Amino acid sequence: MSSYYITTPIYYVNDVPHIGHAYTTIAADVLARYHRLRGEDVFFLTGTDEHGQKVQQAAAKRGVAPQQHVDELVIRFEQLWKRLDISNDDFVRTTQRRHTAVVQEILRRLQAQGELYRHSYEGWYCLPDERFWANDEVSDGKCPECGRPVERLSEQNYFFKMSRYRERLIRHIDTHPDFIRPEARRNEVLGFLAQPLGDLCISRPRARLPWGVPFPFDDAFVTYVWVDALVNYISIPGYGTDEARFARWWPANVHLVGKDILTTHAVYWSTLLMALGLDLPSTIYAHGWWTVNGEKMSKSRGNVVDPGAMVDEFGVDPFRYFVLREVPFGHDGDFSRDAFIGRYNSDLANDLGNLVSRTLTMIERYCESRVPQPGPEDDFEELVAATAREVDNSLRDFQFHRALQEIWIIVNRANRYIETSAPWTLAKNPSARPHLDAVLYTLAETLRHIARLISPFMPQSARAIFESLGLADVPNGGPAAWGVLKAGHPIHKAPPLFPRTVTPHPVRIVMDIPEPTVAVSPTPQLAPIGIEDFAKIDLRVGKIVAAERVPKSSKLLKLQVDLGTETRQVLAGIGTKYDPEALIGRLVAVVANLKPAKLMGLESQGMILAAGDKEVASLIGFVEPVQPGMKIK
RNA sequence: GGCGGCGUAGCUCAGAGGUAGAGCAGGUGAAUCAUAAUCACUCGGCCGGGGGUUCGAAUCCCUCCGCCGCCA
């Protein structure tokens, strides 16, 4: 049986899972499910990256051991994947022994083969990014990547002789057009490789960073997190521990990655594999990023899309559909509530959902809820077969959106077919019975094929359609034959698959960045007030233009807030939750007519609204664009 | 600064020498099986600006403008 091995990156366990993580994982899941549907043997791997400085620092900040910290955080990913119907076959955590043992074995082999050397190194170190920069890369003490201050560090470290693989890697990319995709990214990597390639520092001194995989032959060092992380792609399928199993899966068919980590995969990982004498994966595919309402998504903007909120409101399948239909894979895309609702209503509710409803209703009404006798199928058999071929081509090329477009051609043809054959008219004429039956049989069988084709994208909906047709879930393997439904077989009409969204009521699609645990204490009920009491409060949109900590206070921040017509100084007790830098530019709700008060000797001319009791949980923000000074009512 | 990409209908995008396209949105009508869904017709473009090559240019070349990558 042919095998298919697909991976996502392993996600940094410290991150709050957002639409970006969900995107890669959903795409991988669709491919995994598609190849299973074709009857192939699939191994789909995802997981978490749990070592490194930031994990160590975050754990220290919470006052817990790093292992306990990651044990608690990994749940957020595991739960989100369950929620999103992700069918991964394994979930790797880099702190697992089955992984760390292989990391160490690989270091031993590299060392034994003379691929490593020790070298004293001095450079500028960016703590948040955990990386060194050369002198000429750093200007005025700032990290070229993140802009934060760097510090001078001198270290002994182990280096991997990456430079010696440069020509070989260039040759490989030249001779394997599918190795790095899309093509624009491939050219970027070739551009990168056109310049001299250095060796790769693959250790960190244990004294500075104990949270990592120890070097097997030198206690003073732990493994650089990137090397640790990349090895997951071979450690889990059995490298060094189960050669037969490893041979079945490696080389991977595809590593899906975000465009931000392409170089790491295309260059570091490829050369490491070469040094180990292993084949390279067939494809490394770098997909794009999501913006939100046209803006870059970031913690400090407070516009990080929470997949959980979308799933709560619209369901798993529509979310999966949207992210893959809306944007060509490889391109950047924009996420907005309007776009989502547009897709949902027109593609899912109106086109597909309604097609299912009307077809089943007619079979129910005209055929006593039983599959009618087949007859001439008006080219639908050929259409469905041709579409299956197109979907196959598109998915082999990672063009999810095109695959869905192709499937929707059938949906549209079926809707048109109902109009042109007008079963309700045929039903009035007893002599038209065979024709009526043939039309409805064709529609039912077409629905079955549609369900099969969408099943990798929307597994629950596909199953629901199958069940309505009186079938069990979509079977894997086997040909997509025409005429599987048997006349006389009972069907079961179900409620609408995708209920149309009429009122676009504002819902949180944006998430707060949560602390792992913030207790919600019961809020005492207050006496009712009238609208006239509420009207006494002048609430306005403000934009934070400056923010600094108030000396000697852990909580208080001194903010300058633009209210459109004026800028006010406001003191807010949100310093334990927010860093001042992260607040610049943020839009907030302000009580504009609060009597000025002095706090720690500084005047405060208003109040910022936030959720939370003693501890602030989240500032109140806006989902749609607003201007400073706007009234809030 | 170097290399590359993009700019086409109100919006999102396809088209890569031969009569400007799709989906959504807008307009008109038909139909009543269906989730106010569907179907048909329709409105809508100096194809970023300018210059060139060509019988003919969204398409090829040059240049300018505006966005965006990768590298420095």
Side-chain angles (χ1 to χ4, degrees), chain A residues 133-139 144-145 180 182-198 258-264 266-267 286-289 291 293-296 314 318 322 325-336 338-367 369 372 394 399 401-402 404-409 411-428 436 439-440 443-444 447 461 464 468 493-503:
Chain A
W133 297 95
N135 280 332
D136 57 348
E137 291 175 318
V138 171
S139 59
E145 193 160 287
I180 296 169
E183 199 184 341
R185 300 289 163 200
R186 177 171 176 264
N187 295 336
E188 282 177 12
V189 173
L190 284 171
F192 180 84
L193 288 170
Q195 278 136 0
L197 183 65
K259 62 181 184 177
D260 50 321
I261 53 173
L262 176 60
T263 305
T264 324
V267 180
H287 66 68
W289 278 7
T291 55
N293 297 315
E295 290 198 318
K296 198 174 160 185
F314 296 101
F322 177 82
R325 174 61 185 83
E326 182 69 2
V327 176
F329 204 57
H331 294 214
D332 286 350
D334 186 54
F335 189 96
S336 72
D338 284 352
F340 189 98
I341 290 178
R343 284 277 169 219
Y344 179 90
N345 277 342
S346 81
D347 298 359
L348 297 180
N350 295 356
D351 289 351
L352 176 58
N354 187 45
L355 172 66
V356 173
S357 283
R358 63 200 305 212
T359 302
L360 291 173
T361 299
M362 288 189 287
I363 294 177
E364 195 174 62
R365 187 174 304 176
Y366 305 138
C367 309
S369 293
S394 297
Q399 295 301 296
H401 77 295
R402 223 172 56 209
L404 288 167
Q405 272 174 352
E406 295 290 346
I407 299 169
W408 254 252
I409 289 175
V411 174
N412 295 332
R413 271 280 299 273
N415 272 320
R416 201 183 319 151
Y417 184 53
I418 295 178
E419 296 301 321
T420 53
S421 50
W424 49 92
T425 307
L426 299 175
K428 289 173 188 155
L436 174 62
V439 167
L440 292 180
L443 287 168
L447 274 187
S461 308
S468 287
K493 186 169 190 259
L497 265 183
F498 307 105
R500 209 178 138 78
T501 296
V502 185
T503 46

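Lettering follows sequence order; numbering is per chain, from 1. All values reported here derive from a predicted model rather than from experimental measurement.
Take A:Glu188 and apply the side chain to side chain contact (heavy atoms under 4.5 Å, CB included) test, not counting sequence neighbours, and it matches A:Arg185.
Taking atom CZ of residue A:Phe322 and atom P of nucleotide B:G23, one finds them 19 Å apart after rounding to whole Å. Counting to the nearest Å, the P atom of B:A14 and the CD atom of A:Glu326 are 13 Å from each other. Atom pair A:Ile418:CD1 and B:U35:C1' shows a separation of 13 Å (rounding to whole Å applied). The nearest whole Å value for the distance from the CG atom in A:Asp338 to the C1' atom in B:A25 is 12 Å. Here B:A34 presents its P atom at 20 Å from CG of A:Asn412, a figure rounded to the nearest Å. Here B:C33 presents its P atom at 11 Å from CD of A:Glu419, a figure rounded to the nearest Å. Going from atom CG of A:Leu447 over to atom C1' of B:C33 covers 13 Å, rounded to whole Å. In this structure, A:Arg358 atom CZ and B:C33 atom C1' are separated by 6 Å, rounded to whole Å.
With its glycosidic angle more than 90° from 0, B:A40 is assigned anti.
For a distance-only test at 3.5 Å, the side chain of A:Asn350 fails to qualify as a donor-acceptor partner of the base of B:A37.
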Subject >> Worked check of side chain to side chain contact (heavy atoms under 4.5 Å, CB included) between A:Trp424 and A:Arg365 >> reply: CA-CA 10 Å; A:Trp424 49 92; A:Arg365 187 174 304 176; over 6 Å; no
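Rounded to whole Å, the separation between the P atoms of B:A25 and B:A37 comes to 9 Å. B:A31 and B:C67 have their C1' atoms separated by 47 Å, with the value rounded to a whole Å. Straight-line distance between the P atoms of B:G4 and B:C62: roughly 10 Å, to the nearest whole Å. B:C13 sits 31 Å from B:A30 when the C1' atoms are compared, rounded to a whole Å. Atom C1' of B:U38 sits at a distance of 48 Å from the matching atom of B:C70, rounded to the whole Å. Across B:C46 and B:U8, the matching C1' atoms stand 12 Å from one another, rounded to whole Å. When the C1' atom is compared between B:A20 and B:G15, the two are found 9 Å apart, to the nearest whole Å. Here the separation of B:C61 from B:G45, taken at their P atoms, is 29 Å to the nearest Å.
Contact annotation for A:Pro423: no contact, since no heavy-atom pair falls under 4.0 Å across all strands. Note on A:Tyr366: only backbone sugar-phosphate atoms sit closer than 4.0 angstrom, heavy atoms only; bases stay farther off. Here A:Asn415 lies in heavy-atom contact (under 4.0 Å) with sugar-phosphate atoms only. Note on A:Ala349: a base of the nucleic acid sits closer than 4.0 angstrom, heavy atoms only. At the heavy-atom level, A:Asp351 lies under 4.0 Å from the strands shown only through sugar-phosphate atoms. Among the heavy atoms of the strands lying under 4.0 Å from A:Gly353 is at least one base atom, whether or not backbone atoms are also near. Within 4.0 Å of A:Thr361, counting heavy atoms only, lie sugar-phosphate atoms of the nucleic acid but no base atom. Looking at heavy-atom distances under 4.0 Å, A:Leu497 makes contact with a base.
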Protein-nucleotides 66-71 of chain B N/O pairs closer than 3.5 Å?
from: B:G69; atom 1: O2'; to: A:Arg185; atom 2: NH1; distance (Å): 3.0
from: B:G69; atom 1: O2'; to: A:Glu188; atom 2: OE2; distance (Å): 2.8
from: B:C70; atom 1: O4'; to: A:Glu188; atom 2: OE1; distance (Å): 3.4
from: B:C70; atom 1: O4'; to: A:Glu188; atom 2: OE2; distance (Å): 3.4
from: B:C71; atom 1: O2'; to: A:Gln195; atom 2: OE1; distance (Å): 3.0
from: B:C71; atom 1: O2'; to: A:Gln195; atom 2: NE2; distance (Å): 3.2

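Across the interface with RNA chain B, nearest-nucleotide mapping of A:Trp424 and A:Arg325 shows A:Arg325 to be the residue nearer the 5′ end. Comparing A:Arg416 and A:Leu355 against RNA chain B, the residue whose closest nucleotide sits nearer the 5' end is A:Leu355.
At a threshold of 4.5 Å between non-hydrogen side-chain atoms, the residues A:Phe322 and A:Asp347 do not count as touching. Using a 4.5 Å heavy-atom threshold, the side chains of A:Val267 and A:Leu193 count as touching. Looking only at side-chain heavy atoms (C-beta outward), A:Ile418 and A:Thr359 come within less than 4.5 Å of each other. Between A:Val189 and A:Arg186, every side-chain heavy-atom pair lies at or beyond the 4.5 Å cut-off.
Note that NE2 of A:His287 and CG of A:Asp260 are 8.0 Å apart. Values are rounded to the nearest 0.5 Å.
Between A:Phe335 and A:Phe340, the ring planes are tilted. Angles from 30° to 60° get that label.
In RNA chain B, stems built from 3 or more consecutive Watson-Crick or G-U wobble pairs, each with both distances under 3.5 Å, span B:1-7 with B:65-71, B:10-13 with B:21-24, B:26-30 with B:38-42, B:48-52 with B:60-64.
Considering A:Leu436, A:Val439, A:Thr361 as possible partners of A:Tyr366, the one that fulfils the side chain to side chain contact (heavy atoms under 4.5 Å, CB included) test is A:Leu436.
Nearest heavy atom pair, residue A:Ala286 against residue A:Lys259, reads CB-CA, 4.0 Å.
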